[in-house]
Amino acid sequence: LWPDDYIEWARQSKPELIRVIGEALLALAGPSRGRPTGSDLAREAARRAFVTADSWRRYPSTIVDQQQFRRLIGALGMAEALWLFLDHEYVATQIQQLSSKRRLALLLRYVARLSPADAGPVLGIPLEEVRRATLEGLDGLRSLL
Amino acid sequence: MTTPTYAIPADEQDLLGNLRIADKQHQRPDEALADETQLARARAWLSRLLVDFRAREVHTDWLCEVYQAKFRPPLLRRLCDGLQPPQPATDLRFNHHTLLAEPRVDQVLKDGVNVLPAEDVGAILLNPYALWDLADRIDNELPQHWLPLLDQVGQQIMRDWDIELQVPGMP
């Protein structure tokens, strides 16, 4: 079982996690895609975030307080939501309309989950440009949805 | 599963209508907030908008309708990898479109919307740019003052979306 603190932190983090994920999905997809799929994606992203957090039980006392746990679970949830969002059947077809650099940047960062430093050599561009291409990819994708 | 439709409550709808009229007549939306009850209602609704994306979305739809203008929410700072989010193009048909001054933003993050005078409350409620930027700052920085309200909204979303979240490893 988790340490008692973690259990309480996890219980208290659930609503905020769902809110954070919902906010991100709305920002990405807008009402047209976010409404029909938002709740299902949010549920699954949150579930996966907690599975990852659960695997951290083997590293006791690593998370020092509730605020840090909250930020951890939020970041994990966001990463899962991005993955699920880009993997969504409709979104995946729209990604094809992005330029190859932006498309690859998005996939390397959020599907393969590489850091900008690791994605840079694959794309053949410096770190800052990876960040820029990823941001432009997300923004461009929003315009397509 | 379809998410329930979210709507602006009737009292808030009336309040916003009055703000819009005062803004149109004298460029002074705060004239509609002279009464303490109305000001309190406006502050409560503004707080809600800043933490609840569903409320913010329907409120923004209303703004777009009354000003016959367009607004595209900015990308969240959380999604920008440390870069400045691209700013949405400003539609000048919105009567209010400048961001809140940084010292005011800091005050709101720290102490909530009660620090704002009626003039600012009225203007922000009619300004999608300031509204979404301030909301994003709260979402990104999670200031202590806002945590209880963020939790409340999260619980409401879980109920509305019928989400029962079982945490693995928990008894």
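In what follows, chains carry the letters A, B, and so on, assigned in the order in which the sequence lines appear, proteins first and then strands, with residues in each chain numbered from 1.
- Formation of a donor-acceptor pair under 3.5 Å by the R43(A) side chain with backbone atoms of D162(B) is found in this model.
- D160(B) contributes atom CG, which lies 10.5 Å from atom OG of S39(A) (distance to the nearest 0.5 angstrom).
- The CZ atom of R78(B) sits 11.5 Å away from atom CG of L82(A), with the distance rounded to the nearest 0.5 Å.
- L144(A) and V111(A) fall within the same hydrophobic cluster, defined by Ile, Leu, Val, Met, Phe, Trp and Tyr side-chain heavy atoms under 4.5 Å apart, directly or through other members.
- The two residues A42(A) and W161(B) come nearest to each other via the heavy atoms CB-CZ3, 3.6 Å.
- Heavy atoms from other residues, nucleotides or ligands lying under 6.0 Å from CD of E89(A) number 12 at most.
- Of the listed residues (V153(B), D151(B), I157(B)), the one with the most heavy-atom contacts under 4.5 Å to chain A is D151(B).
- In this structure, the side chain of R131(A) does not engage the main chain of C80(B) through any donor-acceptor pair within 3.5 Å.
- W56(A) CH2: 12 or fewer foreign heavy atoms inside a 6.0 Å radius.
- For chain B, the option among R47(A), E136(A), R132(A) with the highest count of heavy-atom pairs below 4.5 Å is R132(A).
- Distance check: D139(A) CG to R72(B) CZ gives 4.5 Å after rounding to the nearest 0.5 Å.
- The hydrophobic cluster containing L39(B) also contains V115(B), counting ILVMFWY residues as joined when their side-chain heavy atoms lie under 4.5 angstrom apart, directly or transitively.
- Both W9(A) and Y59(A) are assigned to one and the same hydrophobic cluster, defined by single-linkage of ILVMFWY side chains at heavy-atom distances under 4.5 Å.
- Counting heavy atoms from C-beta on, the side chains of R19(A) and L150(B) come closer than 4.5 Å.
- Among all heavy-atom pairs drawn from Y110(A) and L79(B), the shortest one is OH-O, 3.8 Å.
- Taken together through direct or relayed side-chain contacts under 4.5 Å among Ile, Leu, Val, Met, Phe, Trp and Tyr, Y90(A) and L138(A) form part of one hydrophobic cluster.
- In this structure, Q68(A) places its CD atom where more than 12 heavy-atom neighbours from other residues, nucleotides or ligands lie under 6.0 Å away.
- Heavy atoms of other residues, nucleotides or ligands lying less than 6.0 angstrom from CD of Q96(A) number more than 12.
- Between L75(B) and L28(A), some side-chain heavy-atom pair lies under the 4.5 Å cut-off.
- If you measure heavy-atom distances from S13(A) to chain B, you find no contacts under 4.5 Å at all.
- To the nearest 0.5 Å, atom CD of residue E16(A) and atom CD of residue Q155(B) are 11.0 Å apart.
- Most heavy-atom pairs under 4.5 Å with chain B: of the set M78(A), Q67(A), E128(A), R70(A), this distinction falls to R70(A).
- Between atom CG of residue L25(A) and atom CZ of residue F53(B) there is a gap of 8.0 Å, rounded to the nearest 0.5 Å.
- Note on R109(A) versus D81(B): salt bridge recorded, some NZ/NE/NH1/NH2 to OD/OE distance being below 4.0 Å.
- A continuous path of ILVMFWY side-chain contacts below 4.5 Å connects L147(B) to L17(A), so both sit in one hydrophobic cluster.
- Residue-environment remark: CD (E164(B)) stays at or below the threshold of 12 foreign heavy atoms within 6.0 Å.
- Separation of atoms CD (E23(A)) and CG (L76(B)) is listed at 5.5 Å; rounding is to 0.5 Å.
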